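The shown structure was predicted, so the numbers you read here are calculated from the model rather than taken from an experiment.
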Amino acid sequence: SLSIPASDIINVSHCLPEMVGNLMFLLQVIKVYSEDNTSKAVEVPSDVTAQDVCQLFVLKNHCIDDHAWTLFEHLPHLGIERALEDHEYVMEVLSSWAMDTDSRLYFRKNYAKYEFFRKPLDFFPDHMVSISSETNGMTFLNSSTCPEIHGYLHAKEQSRKSWKKSYFVLRRSGLYFSNKGTSKEPRHLQFFADFSDSDVYTVLAAKKLHGAPTEFGFCVKSTKCGSARDLKLLCADDEQTRTCWITAMRLLKFGMQLYQNFIQPHQKQKASPMRSISENSLVAMDFSGQKSRVIENPSEVLSVAVEEGLSWRRKSCHRLSGHGSPSTAQSSVLNIAIHMAQPWFHGKLSREESHRLIAQQGLIDGVFLLRDSQSNPKTFVLSLCYMQKIKHFQILPVDDEGELFYSLDDGQTRFTDLIQLVDFYQLNRGVLPCKLRHHCARITL
């Protein structure tokens with residue numbers, strides 16, 4: 001029961017006519033929030049899926065559709081959230097919400113959504129998988145060869161504040177824990193949860209809310225459950241372990257449907273070819289001769305990039321001075337301000353907030369953002385995810401005879417502005433542990 005001005009409601013039939021079809025659906029209004037807590041109400045058919053809603057907002061906000069946009073179910077009264085799968089019916093999810101709670105749907109990026117299909121070994125380490133000869137996301141989709149996930153987890157004891165560490169096993173029939181060490185014998189396994197009418201959620205503040213031993217909490221929640229005491233709370237020792245369990249539980253619940261969700265956008269791209277925005281489509285080219293060529297030598301790529309930056313700067317200074325402006329001063333102002341409108345730049349974001357934003361949008365290699373430094377107002381910081389950990393690299397200004405440059409490596413590699421720096425490290429790893437692949441984006445709905 002939402003009271004929303006008609007002018008603020010988006011009519012889905014204007015944006016996604018193929019989704020509405022013959023208009024045989026009952027239209028309903030849902031409210032969706034973005035990272036900055038702005039919101040928009042949308043009028044949708046009753047059988048709208050999470051992917052349909054994401055497509056609607058991608059079109060209305062002119063976003064790049066890189067298939068990472070996701071709807072998140074956020075339940076603040078329980079301190080939990082999860083990413084809705086693309087095929088899930090949104091109205092079914094909303095129907096399980098209690099009326100007196102501030103439950104919300106968030107529209108944001110989730111680069112890790114299907115990454116386990118691309119890099120299964122990063123998500124399913126050998127020591128946690130019983131069948132390791134064919135460790136691949138697809139093995140979970142075949143019931144005859146479904147590998148077991150096993151390992152130690154902390155579980156919160158029912159109706160008590162204490163946590164107990166036990167050996168857990170995930171099988172096709174559900175999640176079990178052993179009452180005798182690491183024994184997997186049926187007589188030693190006790191049932192903990194199944195996923196036929198339950199979903200797995202990330203716990204947002206496990207230590208503070210539940211006294212968990214670590215912050216890597218997650219839980220199994222029944223679709224009929226509405227209170228914190230009904231949650232089956234678990235806690236891992238590190239992020240990789242938590243990610244492995246949550247991903248395996250998603251696969252166990254949804255199976256082949258997840259793979260269909262993953263390949264569907266790629267099948268559409270084959271039917272309607274477009275220029276790829278992946279890093280594989282970015283190559284260094286030399287157009288200085290009569291024929292163009294691909295530059296394969298990393299050292300040559302670096303020198304060409306620096307020279308190109310200097311050339312661009314000389315041209316921009318010439319244009320500015322031609323308009324009667326002081327070239328050095330004006331170009332310095334240009335270099336300082338040119339990055340402000342870029343989607344990867346997040347201004348005065350704190351270190352803690354950058355951690356939260358990157359974690360929300362996917363702890364996979366290459367997720368990044370740039371921000372102002374809190375300790376030094378004249379510098380910037382590159383926050384980058386690598387091996388499910390977030391690292392921070394200071395971008396220092398370099399003054400060379402009155403000309404301002406930016407560098408990540410004490411002036412060895414210089415760039416006239418932050419855009420050039422980001423472009424370079426999307427092509428080259430350089431001093432970073434990996435290339436820049438996916439920028440954290442915030443949009444206002």
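Under the 4.5 Å side-chain criterion, counting only non-hydrogen atoms from C-beta, Phe380 is not in contact with Ser373. Between Val220 and Leu233, the closest side-chain pair of non-hydrogen atoms is not below 4.5 Å. Side-chain contact between Ser354 and His392 is present, with heavy atoms from C-beta onward closer than 4.5 Å. Contact check for Gln342 versus Ile419: side-chain heavy atoms found under the 4.5 Å cut-off. Considering only heavy atoms from C-beta on, Ile80 comes within 4.5 Å of Cys219 through its side chain. Side chains of Ser34 and Tyr106 form no contact here, defined as non-hydrogen atoms less than 4.5 Å apart. By the 4.5 Å heavy-atom criterion applied to side chains, Ser166 and Ser178 are not counted as neighbours. Contact annotation: the side chain of Leu396 never approaches that of Ser407 to less than 4.5 Å [non-hydrogen atoms, C-beta and beyond].
Lys164 has no carboxylate O lying under 4.0 Å from a charged side-chain N of Glu157, or vice versa, which leaves the two without a salt bridge. Under the 4.0 Å criterion applied to side-chain N and carboxylate O atoms, Glu115 and Arg118 are assigned as salt-bridge partners.
At least one donor-acceptor pair under 3.5 Å links the side chain of Trp163 to the backbone N or O of His210. Distance alone, capped at 3.5 Å, places no donor-acceptor pair between the Lys348 side chain and the Asp372 backbone. A donor-acceptor pair is defined here as one N or O able to donate and one able to accept, closer than 3.5 Å; no such pair exists between the side chain of Ser198 and the backbone of Phe195. Put simply, the side chain of Thr38 gets close to the backbone of Leu445: a donor and an acceptor are under 3.5 Å apart. Put simply, the side chain of Lys221 gets close to the backbone of Cys225: a donor and an acceptor are under 3.5 Å apart. Between the side chain of Lys435 and the backbone N or O of Gly430, no donor-acceptor pair lies under 3.5 Å. Formation of a donor-acceptor pair under 3.5 Å by the Asp102 side chain with backbone atoms of Pro76 is not found in this model.
For Tyr114 and His67, the ring centers sit 6.0 Å or farther from each other. Residues Phe415 and Tyr406 place their aromatic rings such that the two centres sit no closer than 6.0 Å. Proximity of the aromatic rings of Phe117 and Tyr259 is defined here by a centroid distance below 6.0 angstrom, and this criterion is met. Trp69 and Phe107 have their aromatic ring centers within a separation under 6.0 angstrom.
In summary, the side chains of Asp52 and Thr49 do present a donor paired with an acceptor at a separation below 3.5 Å, with no hydrogens or angles considered. Using modelled atom types and a 3.5 Å distance limit, the side chains of Lys184 and Ser130 yield a donor-acceptor pair. Between the side chains of Lys113 and Thr70, at least one donor-acceptor pair of N or O atoms lies under 3.5 Å. Side chains of Arg187 and Asn179: a donor-acceptor N/O pair is absent below 3.5 angstrom, by distance only. For the residue pair Glu73/Trp97, the side-chain donor-acceptor check at 3.5 Å is satisfied. Side-chain contact annotation: Asp197 with Thr223, donor-acceptor N/O pair under 3.5 Å absent. For the residue pair Thr247 and Thr243, no side-chain donor N or O sits within less than 3.5 Å of a side-chain acceptor on the partner. Glu88 and Gln51 share no side-chain donor-acceptor pair at under 3.5 Å.
When each of His439, Glu35, Arg108 is paired with Gln361, the side-chain hydrogen bond (donor to acceptor under 3.5 Å, both in side chains) condition holds for Glu35 and for no other.
Cation-pi geometry between Arg242 and Phe218 is not met: the NZ or CZ atom fails to fall both under 6.0 Å from the ring centre and inside 45° of the normal. A cation-pi arrangement is absent between Arg437 and Phe368, since the terminal nitrogen or guanidinium carbon is not both under 6.0 Å from the aromatic centre and inside a 45° cone about the axis. Cation-pi contact between Lys165 and Tyr152: present, with separation from the ring centre below 6.0 Å and deviation from the ring axis of at most 45°. Tyr201 carries Arg82 over the face of its six-membered ring, with the cationic atom under 6.0 Å from the centre and within 45° of the normal.
Atom CG of Leu370 is separated from atom CH2 of Trp344 by 5.5 Å, given to the nearest 0.5 angstrom. In this structure, CG on Leu175 lies 6.0 Å from CG on Leu170, to the nearest 0.5 angstrom. Taken from CD1 in Ile443 to NE2 in His62, the straight-line distance is 11.0 Å, to the nearest 0.5 Å. Expressed to the nearest 0.5 Å, how far CG of Leu384 lies from CG of Asp365 amounts to 8.0 Å. Of the inter-residue distances, the one linking Ile30 atom CD1 with Leu56 atom CG reads 8.5 Å to the nearest 0.5 angstrom. To the nearest 0.5 angstrom, Ser96 atom OG is 9.5 Å from Glu92 atom CD.
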Practice problem: Test side chain to side chain contact (heavy atoms under 4.5 Å, CB included) on Val398 and Leu404 and set out the steps. | Solution: CA-CA 6 Å; Val398 178; Leu404 182 66; over 6 Å; no

Quiz item: Step by step, would you call Glu353 with Ser350 a side-chain hydrogen bond (donor to acceptor under 3.5 Å, both in side chains)?
Solution: CA-CA 5 Å; Glu353 288 171 330; Ser350 70; 3.3 Å; yes

Quiz item: Checking salt bridge (Lys or Arg N to Asp or Glu O under 4.0 Å) for the pair Asp66/Lys109: CA distance, chi angles, key distance, verdict?
Solution: CA-CA 9 Å; Asp66 56 3; Lys109 296 270 194 177; 2.5 Å; yes

Self-check item: Audit row: Leu252, Arg172, side chain to side chain contact (heavy atoms under 4.5 Å, CB included) steps and yes/no
Solution: CA-CA 7 Å; Leu252 184 63; Arg172 179 67 62 177; 4.0 Å; yes

Exercise. Go through the steps for Asn110 and Phe72 under the test side chain to side chain contact (heavy atoms under 4.5 Å, CB included), then give the verdict.
Key: CA-CA 9 Å; Asn110 181 17; Phe72 280 79; 3.9 Å; yes

Practice problem: Could you give me the CA-CA distance, side-chain angles and deciding distance for Glu81 and Gln360, then say whether side-chain hydrogen bond (donor to acceptor under 3.5 Å, both in side chains) is met? | Solution: CA-CA 10 Å; Glu81 73 173 20; Gln360 283 182 340; 4.7 Å; no

Practice problem: Apply side-chain hydrogen bond (donor to acceptor under 3.5 Å, both in side chains) to Asp237 and Thr241, showing your working. | Solution: CA-CA 7 Å; Asp237 286 327; Thr241 302; over 6 Å; no

Exercise. Would you sort out whether His346 and Leu357 count as a side chain to side chain contact (heavy atoms under 4.5 Å, CB included), showing the intermediate values?
Key: CA-CA 10 Å; His346 292 263; Leu357 188 59; 3.6 Å; yes

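For OH of Tyr89, the number of neighbouring non-hydrogen atoms (other residues, nucleotides, ligands) closer than 6.0 Å is 12 at most.
By the 30° and 60° cut-offs, the orientation of the rings of Phe168 relative to Phe177 is tilted. Using a 30° and 60° split on the angle between ring planes, Tyr111 and His438 fall in the parallel class, below 30°. In this pair, Phe254 and His87 present their aromatic rings perpendicular. The plane angle is above 60°, beyond the 30 to 60° band.
Considering only residues two or more places apart in sequence or on other chains, Arg371 meets the salt bridge (charged side-chain N to carboxylate O under 4.0 Å, His left out) condition with none of them.
When all heavy atoms of Asn61 and Thr444 are compared, the closest pair comes out as OD1-O, 3.5 Å.
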